[in-house]
Amino acid sequence: MNHNEIIDRLKDGNKRFVSDNLNRGLQNQDRRSSLTKGQEPFAIVLSCADSRVVPELAFDTGLGELFVIRVAGNVANTETVASIEYAVAHCNCSMIVVLGHESCGAVKAAIDGGDNGSNINQLLSHITPAVSTCGEGADIKEIIVQNTKNTITNLEKNSEIISSAMNKNEVKVLGAYYELGTGKVQFIN
């Protein structure tokens with residue numbers, strides 16, 4: 001599939017999810033058996049680890065269709081970048097979606113500040129630039145969207161594999177915002 005076909009497939013799947021008309025395809029024994037030979041996902045999704053955000057459901061996909069990496073705040077840290085590089089280099093994925101979401105707890109923690117312990121502080125250090133960019137008093141949605149945009153910039157800046165594929169138009173990276181209550185995904189230009 002080309003980039004436009006992938007985007008259309010994701011949008012169509014999200015429409016089915018929002019309307020409670022899920023396809024439920026590619027989730028059976030035949031599909032599981034076919035995947036023992038390898039994987040060929042059509043897109044990579046870097047999503048928050050929030051239990052309310054499940055990309056495979058939100059885009060109504062089956063087993064093996066999405067290469068999903070989940071980390072609080074959908075940040076581009078060493079591990080998530082390496083996972084995406086693997087999918088680009090070894091699974092031939094040509095689409096990366098960075099999926100932020102409504103009421104993100106990691107973004108809220110970055111806004112609140114304070115000492116959350118060394119590991120959480122390290123994670124939040126990837127989100128605080130979005131807080132700074134948007135400024136004091138900014139709406140949390142604005143900060144979540146900015147964090148998603150920053151993550152996209154960091155993927156390109158911190159990965160030769162990803163930036164090279166983007167420059168050759170082999171990989172397209174999009175931001176998206178997931179609404180918890182409706183399930184709707186809005187793509188960010």
Side-chain angles (χ1 to χ4, degrees), residues 1-28 30-32 34-35 39-76 80-81 83-84 86-88 91-108 127 130 139-156 162 165-166 169-189:
M1 288 187 283
N2 65 39
H3 295 146
N4 290 333
E5 291 169 333
I6 292 171
I7 293 167
D8 288 344
R9 187 156 179 194
L10 292 170
K11 286 179 177 180
D12 289 345
N14 184 245
K15 285 178 190 172
R16 289 191 304 274
F17 176 69
V18 169
S19 66
D20 292 327
N21 189 23
L22 296 173
N23 184 3
R24 300 270 187 220
L26 302 177
Q27 298 177 6
N28 57 27
D30 289 340
R31 181 61 173 177
R32 289 190 300 273
S34 74
L35 292 172
Q39 62 176 322
E40 294 180 0
F42 68 82
I44 302 161
V45 180
L46 173 56
S47 174
C48 186
D50 192 300
S51 65
R52 303 168 292 179
V53 182
V54 183
E56 295 89 345
L57 293 176
F59 294 115
D60 190 25
T61 57
L63 297 171
E65 291 191 290
L66 297 180
F67 192 96
V68 178
I69 301 104
R70 294 178 65 169
V71 60
N74 49 276
V75 300
T80 59
V81 172
S83 296
I84 293 169
Y86 175 82
V88 168
C91 299
N92 299 312
C93 287
S94 65
M95 178 67 65
I96 302 168
V97 177
V98 178
L99 184 61
H101 70 91
E102 180 180 11
S103 301
C104 181
V107 171
K108 175 83 168 75
I127 302 171
D139 180 71
I140 190 169
K141 180 178 180 180
E142 180 184 352
I143 298 169
I144 291 165
V145 169
Q146 184 61 51
N147 180 58
T148 299
K149 291 176 180 178
N150 289 357
T151 296
I152 292 168
T153 299
N154 290 335
L155 287 175
E156 184 174 12
I162 296 168
M166 288 172 70
N169 203 31
E170 294 170 352
V171 168
K172 183 174 183 101
V173 185
L174 293 174
Y177 180 83
Y178 177 81
E179 296 175 354
L180 294 176
T182 65
K184 183 171 177 50
V185 173
Q186 300 170 352
F187 284 91
I188 302 165
N189 294 337

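Residue numbers start at 1 and run along the sequence shown.
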Using a 4.5 Å cut-off on heavy atoms from C-beta on, say whether the side chain of Asn74 contacts that of Ile69. no

Apply side-chain contact (heavy atoms from CB on, under 4.5 Å) to residues Arg70 and Cys48 and explain how you reach the verdict. CA-CA 5 Å; Arg70 294 178 65 169; Cys48 186; over 6 Å; no

Going by side chain to side chain donor-acceptor pair (under 3.5 Å), name the residues that satisfy it together with Lys11, two or more places apart in sequence or in a different chain. none

Between CG of Leu99 and CD1 of Ile188, what distance do you get to the nearest 0.5 Å? 8.5 Å

Side chain to side chain donor-acceptor pair (under 3.5 Å) filter on Asn150, not counting sequence neighbours, yields Gln146

Taking all non-hydrogen atoms of both residues, which atom of Ala176 and which atom of Val185 are closest, and how far apart? CB-CG1, 3.7 Å

Between Asp60 and Lys15, is any pair of side-chain heavy atoms under 4.5 Å apart? no

Does Phe17 reach the side chain of Leu57, with side-chain heavy atoms less than 4.5 Å apart? yes

For the side chain of Thr148 and the backbone of Gly175, is there at least one donor-acceptor N/O pair under 3.5 Å apart? no

Ile96 and Ile162: CA distance, side-chain angles, deciding distance, side-chain contact (heavy atoms from CB on, under 4.5 Å) verdict: CA-CA 10 Å; Ile96 302 168; Ile162 296 168; 4.2 Å; yes

Between Val98 and Leu155, is any pair of side-chain heavy atoms under 4.5 Å apart? yes

Between Asn2 and Glu5, is there a side-chain heavy-atom distance shorter than 4.5 Å? yes

Which atom pair, heavy atoms only, marks the closest approach of Pro41 to Cys91? CD-CB, 4.0 Å

Using the ring of Phe59 (Phe, Tyr or Trp, six-membered ring only), decide whether Arg9 places NZ or CZ under 6.0 Å from its centre and within 45 degrees of its axis. no

Do Tyr86 and Val88 come close enough that some side-chain heavy atom pair is under 4.5 Å? no

Applying side chain to side chain contact (heavy atoms under 4.5 Å, CB included), name anything that partners Thr182, two or more places apart in sequence or on another chain. Glu179, Lys184

Is Asp139 salt-bridged to Lys141, cutoff N-O under 4.0 Å? no

Would you compute the distance between atom CD of Glu65 and atom CD of Glu40 and round it to the nearest 0.5 angstrom? 11.5 Å

Closest non-hydrogen atom pair between Ile6 and Met1, with its separation: CG1-CB, 3.7 Å

Between Arg16 and Asn23, which heavy-atom pair has the shortest distance, and what is it? NE-CB, 3.8 Å

Identify the two heavy atoms, one from Cys104 and one from Gly73, that lie closest to each other, and give their separation to 0.1 Å. SG-CA, 4.1 Å

Taking only residues two or more places apart in sequence, or in another chain, which ones meet Phe187 in a ring pair (Phe, Tyr, Trp, His ring centres under 6.0 Å)? none

Holding to side chain to side chain donor-acceptor pair (under 3.5 Å), I want the full list of residues that pass it with Asn154, two or more places apart in sequence or in another chain. none

Please examine the side chains of Phe42 and Leu10, heavy atoms only from C-beta on, and report whether any two atoms are closer than 4.5 Å. yes

Which one of Ile84, Val68, Val81 satisfies the side-chain contact (heavy atoms from CB on, under 4.5 Å) criterion with Leu46? Ile84

So the side chain to side chain donor-acceptor pair (under 3.5 Å) pairs with at least one residue in residues 96-107 (sequence neighbours excluded) are none

Would you call Leu174 and Met95 a side-chain contact if the rule is heavy atoms closer than 4.5 Å? yes

Begin from the C-alpha positions of Ile7 and Lys172 and carry the test side-chain contact (heavy atoms from CB on, under 4.5 Å) through to its verdict. CA-CA 10 Å; Ile7 293 167; Lys172 183 174 183 101; 4.1 Å; yes

Mind checking the CD1-NZ spacing from Ile144 to Lys149? Nearest 0.5 Å is all I need. 13.0 Å

Separation between CD1 (Ile140) and CG (Asn147), nearest 0.5 Å, reads 10.5 Å

If you look at every heavy atom in Ser47 and Val53, which pair is closest and at what distance? OG-CG1, 3.6 Å

N/O donor-acceptor pair under 3.5 Å between Arg52 side chain and Leu180 backbone: no

